[in-house]
Amino acid sequence: MQTIVCQTTAAPALFTAEGMVGVIFLLTVTLVLTGAVIAVNAQRLVRAVAGLAICFTGLAGVYYFLLSPFLAMMQLLIYVGAVSILIAFGIMMADPEEKRGVGMKNRSPLAGPLAFSTGALMFAALTVLGLKTQWQVFPRQGTFDIKAVGMALLTTHSLVFELISIVLLLAIIGALVLAQRGRN
Amino acid sequence: MLLLNLYNCLSTYLVIGAALFSFGVYGMVVRRTVIGMLISSEFILAAASTNFMAFNRFLAPDPVVGQIFTLFIMAIAAAEAAIAISIMIAVYRNFKTIDTDDLVDLQG
């Protein structure tokens, strides 16, 4: 019975290869958290999108540490390369400004602290849940490599694969129809 | 230096996922424009992907399933962002703003 699942328990010294990997991991996590703070708190939405891109770049590093370079690449391509740019285009077209005091007319002064305490409570609860649960480790059967991912995508998960392509097609058509409505 | 061994532990990644999720929830409540809320919802999806990848790395018998699930989450998130941006453009055409305080047609 163990509560904390660790692959190796021996802590490496700083000036070894493993220690350097640990330092790089800490830098990656710092990137994720800094980007998230910027994205949530920035006054101007363009800066929030920049924070989103920073955070997702760091998250690609985290995926690399989780032994999946393919997903790290996809994270960079889809989130940093496509979704952030899409949101930036949306900001350029609609030009929203979030000024303090302008949009506050219907807002209770408690809204900010309440939102913060909601987030903090969520974080505390999820952290305690993640640390206290006794996770059960199953013996490893497959491998992490991209060949296995491709095989599973086209055999075991082929139905979901087809469904997701239909969803994407419908999303493209729906986005075109929605954005075109009311245009003259 | 126990801090340098953090990348080998499941708990680290679960805490990262929890932090991303709570940033998303906080942003959803505190943002006043639809685009700000869309950015926050991306954080919630990223938290889910991080948890799937962490369990996939440390606990799962077949480490392919979590990666495929994360790929599907990415595809859904991309579709969601495209739809949300086009809805925003349509709303902006009708209201000339996307501030959530001004979109009150159904308020009576």
Determine whether a donor-acceptor pair (N or O, by modelled atom type, separation under 3.5 Å) exists between the side chain of B:Arg93 and the backbone of A:Ala179. yes
Using the rule that Ile, Leu, Val, Met, Phe, Trp and Tyr join whenever any side-chain heavy atoms are under 4.5 Å apart, tell me whether [X] and [Y] fall into a single cluster.
X       : Y       : result
B:Met53 : B:Ile44 : no
B:Leu14 : A:Leu67 : no
B:Val25 : B:Val34 : no
A:Val80 : A:Val49 : yes
B:Ile35 : A:Ile54 : no

Selection from [options] maximising heavy-atom pairs under 4.5 Å formed with chain B:
options                               : value
A:Val21, A:Leu126, A:Val62, A:Leu66   : A:Leu66
A:Phe25, A:Phe70, A:Phe65             : A:Phe25
A:Val167, A:Val83, A:Val149, A:Leu129 : A:Val149
A:Val160, A:Thr127, A:Thr118, A:Leu33 : A:Val160
A:Leu121, A:Leu86, A:Ile78, A:Thr156  : A:Leu86

Start with the C-alpha gap between A:Leu71 and B:Leu71, add the side-chain angles, then the distance that decides, and say whether side chain to side chain contact (heavy atoms under 4.5 Å, CB included) holds. CA-CA 7 Å; A:Leu71 261 290; B:Leu71 269 181; 4.2 Å; yes
Given heavy-atom pairs under 4.5 angstrom as the criterion, report whether the side chain, backbone, both or neither of [X] touches chain B.
X        : result
A:Phe56  : side chain
A:Val177 : neither
A:Thr143 : backbone
A:Ile164 : side chain
A:Gln136 : backbone
A:Ala82  : neither
A:Leu59  : side chain

Between A:Phe116 and B:Tyr26, what is the ring plane arrangement, given parallel below 30°, perpendicular above 60°, and tilted in between? perpendicular
State, with a plain yes or no, whether a side-chain heavy atom of [X] is found less than 4.5 Å away from one of [Y].
X        : Y        : value
A:Cys55  : B:Leu20  : yes
B:Arg31  : A:Leu45  : yes
A:Arg140 : B:Pro63  : yes
A:Phe123 : B:Val15  : yes
A:Val23  : B:Leu4   : yes
B:Phe72  : A:Leu153 : yes

Give the minimum heavy-atom separation between [X] and [Y], together with the two atoms involved.
X        : Y        : result
A:Met93  : B:Tyr92  : O-CE2, 4.0 Å
A:Ala36  : B:Phe23  : CB-CD1, 3.6 Å
A:Met122 : B:Phe21  : SD-CE2, 3.6 Å
B:Ile83  : A:Ala171 : CD1-O, 3.5 Å
B:Ile68  : A:His157 : CD1-CD2, 3.6 Å
B:Tyr7   : A:Glu18  : OH-O, 3.9 Å

I'd like to verify something: which residue of B:Ala60, B:Ala54, B:Pro61 has the highest number of heavy-atom pairs under 4.5 Å with chain A? B:Pro61
Name the option with the most non-hydrogen atom pairs under 4.5 Å to chain A; the candidates are B:Asp62, B:Ile89, B:Ile76, B:Thr50. B:Thr50
With a 4.5 angstrom heavy-atom cut-off, is it the side chain or the backbone of [X] that approaches chain A, or both, or neither?
X       : value
B:Ile16 : side chain
B:Ala84 : neither
B:Ile85 : side chain
B:Leu59 : both
B:Ser49 : both
B:Asn56 : both
B:Met88 : neither

Tell me if the aromatic rings of B:Phe55 and A:Trp135 count as close, with their centers under 6.0 Å from one another. yes
Is the centre of the B:Phe58 ring less than 6.0 Å from the centre of the A:Phe138 ring? no
Distance from [X] atom [atom1] to [Y] atom [atom2], nearest 0.5 Å?
X       : Y        : atom1 : atom2 : result
B:Leu6  : A:Leu26  : CG    : CG    : 6.0 Å
B:Ser86 : A:Ile172 : OG    : CD1   : 11.5 Å
B:Gln67 : A:Tyr63  : CD    : OH    : 11.0 Å
B:Met74 : A:Gln75  : CE    : CD    : 4.0 Å

For B:Phe69, check ring-ring contact (aromatic ring centres under 6.0 Å, His included) against everything at least two apart and list the hits. B:Phe52
Before giving the answer on side chain to side chain contact (heavy atoms under 4.5 Å, CB included), spell out for A:Leu114 and B:Val29 the whole-Å C-alpha distance, their side-chain angles and the decisive distance to 0.1 Å. CA-CA 9 Å; A:Leu114 273 181; B:Val29 179; over 6 Å; no
Could you go step by step and tell me if B:Val64 and A:Phe144 meet the side chain to side chain contact (heavy atoms under 4.5 Å, CB included) rule? CA-CA 6 Å; B:Val64 158; A:Phe144 280 93; over 6 Å; no
So does A:Met151 have more than 12 non-hydrogen atoms from other groups sitting under 6.0 Å from CE? no
